[in-house]
There are 2 protein chains.
Amino acid sequence: MDSRVLQAPTPEAVEELLGESKRRNGCLSLYTRCAVAYEGRAQSQLESGDRFVLCKPDGTVLVHGDTKQEPRNWQPPGATVQVTDTDPLVITAVRTNPREAIRITCERVYHAALLPMDDDASLELHGSEADLRDRIFETPSLIEDGFRPETREYETPAGPVDVWGYDADGRPVILELKRRRVGPDAVSQLRRYVESVDADVRGILVAPSITDRAERLLGEFDLESRQVAPPTDVGEQDRSLAAFVAGDEDERT
Amino acid sequence: MDSRVLQAPTPEAVEELLGESKRRNGCLSLYTRCAVAYEGRAQSQLESGDRFVLCKPDGTVLVHGDTKQEPRNWQPPGATVQVTDTDPLVITAVRTNPREAIRITCERVYHAALLPMDDDASLELHGSEADLRDRIFETPSLIEDGFRPETREYETPAGPVDVWGYDADGRPVILELKRRRVGPDAVSQLRRYVESVDADVRGILVAPSITDRAERLLGEFDLESRQVAPPTDVGEQDRSLAAFVAGDEDERT
DNA sequence: TCTTCCAGGTAGTAT
DNA sequence: ATACTACGTGGAAGA
């Protein structure tokens, strides 16, 4: 695998490692005390602190602190990453469209590592809005008896509608699907679609649950709702994890 | 700093290091070939590949591949992270509200490292929607002559309005502010606020720019727009980064 | 490229 | 805890 880890590397060694990571198409990881500045879509400054920095071969740069899921600062994919100074070590990542730059000034580097990565696996995800849509096409009675779904992503002047269909009386129906509990924004969205259609159409918001305010707004605009959730079980899943989630803390299989 | 890096550690050594990271309130980093399973709000599976794993002391777990800004899989803050098996090494992170779990099965661990972090610096960000709001309170004529902004986050039955004020004729005005180019969703949002108010009120969408469809929707609902961007210059900024962004590629100061 | 919308969105704030 | 919105949202799919 020929990865490399350097303890307390010099700025020159980090520069060398960054070049190597580009040639090898690998990631560069830094454990460092650094300050960060950003300018582009907005501007930000982050004073010195201990952080973990990951530079990916696609130009992504992440600066992680010791809390939270989101990086404290970052550069999206597509940036050009360079060591622009070695005393102290400064790493700059610039990208265009939009034009923006991040600058990491390292007062100390505890470790640096080269991480060649081979990862071509694709994520299989179940329980998305698309799965909910498929579920409704499979079992239209989840909406109501006699409902006939017809078109996915039906185009209207106000944007694409999730599901277009007809009720038992042949009256057109628009469904707006959400995979989780919905608020007022989803009602606005459904209303926009319904009003953009030049016909007498019913609008139904399909979601696992709905907030009080959204419910009230629905009524105000003569829209409806159905309580339906995305399918949870999709076959080939690892059952022992499900047991964990179900609350069986002692599960260790 | 007493950080520790282990090359090709045994599962037991990783377990020990995870325990140590909890006691020391530090992060644990793994460079590993692993498979990932998730179950909770949805379900997902990710087959084996080389990845970088970061476990933070607040319970956050990130699994990064070699591309993209977002982790390939993750667990948000608040999870309990444990080694639940050592042959092969399995790391499980469980959290509640919502109840969900991620499981990382490592077929090889290239490195593991303990990263004690001291980071109490706060991010200073300029150019947000709040800054745009402040700018309008400071220079109301950016909207129009005679405009008098009055209330921020003004409460309506449909939700909080960014700015409530009055025009030169004393007619109430609602502003919906966006820090970037807006689409149909922002128009829907403004419309919802305007209609929820039981008065003859003007609605103005304030943003740097607007899409065609959104523009058309605005007209349809008798709403207005003003082209205003958040302030870009906020004083104490590092000017050399701005030069970089401006296109001066040779800037190395 | 631009537009549009989903996301296991995440984060912050007020109730 | 829930509700609501902003985010340097990011990412994908279609035009």
Side-chain angles (χ1 to χ4, degrees), chain A residues 38-44 60 67-78 95-102 123 125-133 153 155-156 158-162 176-186 189 192-193 209-215 230 232 245, chain B residues 38-44 60 67-78 95-102 123 125-133 153 155-156 158-162 176-186 188-189 192-193 209-214 230 232 245:
Chain A
Y38 161 81
E39 175 126 8
R41 286 172 287 176
Q43 306 93 241
S44 73
T60 302
T67 60
K68 297 290 160 64
Q69 177 172 337
E70 296 300 309
R72 296 214 65 179
N73 219 317
W74 73 94
Q75 187 71 297
R95 95 191 250 263
T96 51
N97 196 18
R99 191 154 188 101
E100 53 188 348
I102 188 176
L123 183 75
L125 177 72
H126 302 289
S128 65
E129 182 182 298
D131 294 319
L132 174 56
R133 174 164 47 70
E153 305 295 316
E155 277 298 336
T156 74
V161 164
D162 286 336
E176 174 57 34
L177 311 181
K178 293 294 173 192
R179 67 170 306 287
R180 62 169 186 177
R181 184 171 174 83
V182 291
D185 52 336
Q189 194 181 355
R192 172 156 57 89
Y193 296 146
S209 66
I210 183 169
T211 66
D212 285 351
R213 186 179 272 171
E215 180 90 68
T232 52
V245 172
Chain B
Y38 161 81
E39 176 125 8
R41 286 172 288 176
Q43 306 91 243
S44 73
T60 302
T67 60
K68 297 292 161 64
Q69 177 173 337
E70 296 300 309
R72 297 212 65 178
N73 220 317
W74 73 92
Q75 187 70 298
R95 92 191 253 264
T96 50
N97 198 17
R99 191 154 188 100
E100 52 188 349
I102 188 177
L123 183 73
L125 178 72
H126 302 289
S128 65
E129 183 183 297
D131 293 319
L132 174 56
R133 172 163 48 69
E153 304 295 315
E155 277 299 335
T156 75
V161 164
D162 287 336
E176 175 57 35
L177 311 181
K178 293 294 172 191
R179 67 169 306 285
R180 64 170 186 178
R181 184 171 173 83
V182 291
D185 52 337
S188 292
Q189 195 182 352
R192 172 156 55 88
Y193 296 148
S209 67
I210 183 169
T211 66
D212 285 350
R213 185 178 270 170
T232 52
V245 172

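Proteins come first, then strands; the chains are lettered A, B, ... in the order of their sequence lines, and each starts at number 1. Values reported hereafter were calculated over all heavy atoms of this structure, with side chains retained and with hydrogens, waters and symmetry mates removed. Being a predicted model, the structure only gives us computed values, none of them experimental.
- Here dC6(C) presents its P atom at 11 Å from CZ of Arg133(A), a figure rounded to the nearest Å.
- Proximity of Leu125(B) to Gln43(A): side-chain heavy atoms (C-beta onward) are nowhere separated by under 4.5 Å.
- Regarding contacts with the backbone of dA6(D), a side-chain N or O of Gln189(B) is found under 4.0 angstrom from either OP1 or OP2.
- Closest to the side chain of Pro184(B), out of dT4(C), dC6(C), dT5(D), is dT4(C).
- For the OP1/OP2 pair of dT4(C) and a distance below 4.0 Å, the side-chain nitrogens and oxygens of Arg192(A) include no atom meeting the criterion.
- Within 4.0 Å of Ala158(A), counting heavy atoms only, lie sugar-phosphate atoms of the nucleic acid but no base atom.
- Heavy atoms of Pro98(B) sit nowhere under 4.0 angstrom from any nucleic acid atom.
- Contacts of Arg181(B) with the nucleic acid, taken as non-hydrogen atoms under 4.0 Å apart, involve only primed sugar atoms and P, OP1 or OP2.
- OP1 and OP2 of dC7(D) both lie 4.0 Å or more from every side-chain N or O belonging to Arg41(A).
- Distance, Gln75(B) CD to dG9(C) C1': 14 Å, rounded to whole Å.
- Proximity note for Asp162(A) (side chain, C-beta onward) versus dC4(D), dC6(C), dT9(D): the nearest is dC6(C).
- If you take NZ of Lys178(B) and C1' of dT4(C), they are 15 Å apart, rounded to a whole angstrom.
- Two residues are said to be in side-chain contact when any heavy atoms from C-beta on lie closer than 4.5 Å; Ile210(A) and Arg181(A) fail this criterion.
- At the phosphate of dA6(D), neither OP1 nor OP2 sits under 4.0 Å from any side-chain N or O atom of Ser128(B).
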Before you tell me yes or no, could you show the steps for Glu129(B) and Arg179(B) under salt bridge (Lys or Arg N to Asp or Glu O under 4.0 Å), namely the whole-Å CA-CA distance, both residues' side-chain angles and the distance that decides it to 0.1 Å?
CA-CA 5 Å; Glu129(B) 183 183 297; Arg179(B) 67 169 306 285; over 6 Å; no
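- Glu129(B) has its CD atom 16 Å from the P atom of dG12(C), to the nearest Å.
- Contact annotation: Thr211(A) side-chain N/O to dC4(D) OP1/OP2 distance is under 4.0 Å.
- If you check every strand for non-hydrogen atoms under 4.0 Å, Asn97(A) touches sugar and phosphate atoms only.
- One can place CD of Glu155(A) at 9 Å from C1' of dT4(C), the figure rounded to the nearest angstrom.
- Per the geometry, CZ belonging to Arg179(A) stands 4 Å off P belonging to dG9(C), to the nearest Å.
- In terms of phosphate contacts, Arg213(A) brings no side-chain nitrogen or oxygen within less than 4.0 Å of OP1 or OP2 of dT2(D).
- Within the 4.5 Å cutoff, the side chain of Arg95(A) has heavy atoms near those of the Pro98(A) side chain.
- Closest of all the heavy-atom pairs between Glu155(A) and Pro160(A) is OE2-CB, 3.6 Å.
- Position along DNA chain C of the nearest nucleotide to Ala130(A) versus Pro77(B) favours Ala130(A) as the more 5'-ward residue.
- The separation between Glu176(B) atom CD and dC7(D) atom C1' is 14 Å, rounded to whole Å.
- Between Glu70(B) atom CD and dC7(D) atom C1' there is a gap of 12 Å when expressed in whole angstrom units.
- Using a 4.0 Å heavy-atom cutoff across all strands shown, Pro160(B) reaches sugar-phosphate atoms only and no base atom.
- A sub-4.0 Å separation between OP1 or OP2 of dA11(C) and a side-chain N or O of Lys68(A) is absent.
- Here Arg180(B) does not reach the OP1 or OP2 of dC7(D): none of its side-chain N or O atoms lies under 4.0 Å away.
- A donor-acceptor pair shorter than 3.5 Å cannot be found between the side chains of Asp185(B) and Ser188(B).
- Side-chain N/O atoms of Tyr193(A) include none lying less than 4.0 angstrom from OP1 or OP2 on dT4(C).
- Taking 4.0 angstrom as the limit, Trp74(A) places none of its side-chain polar atoms (N or O) nearer than this to OP1 or OP2 of dT9(D).
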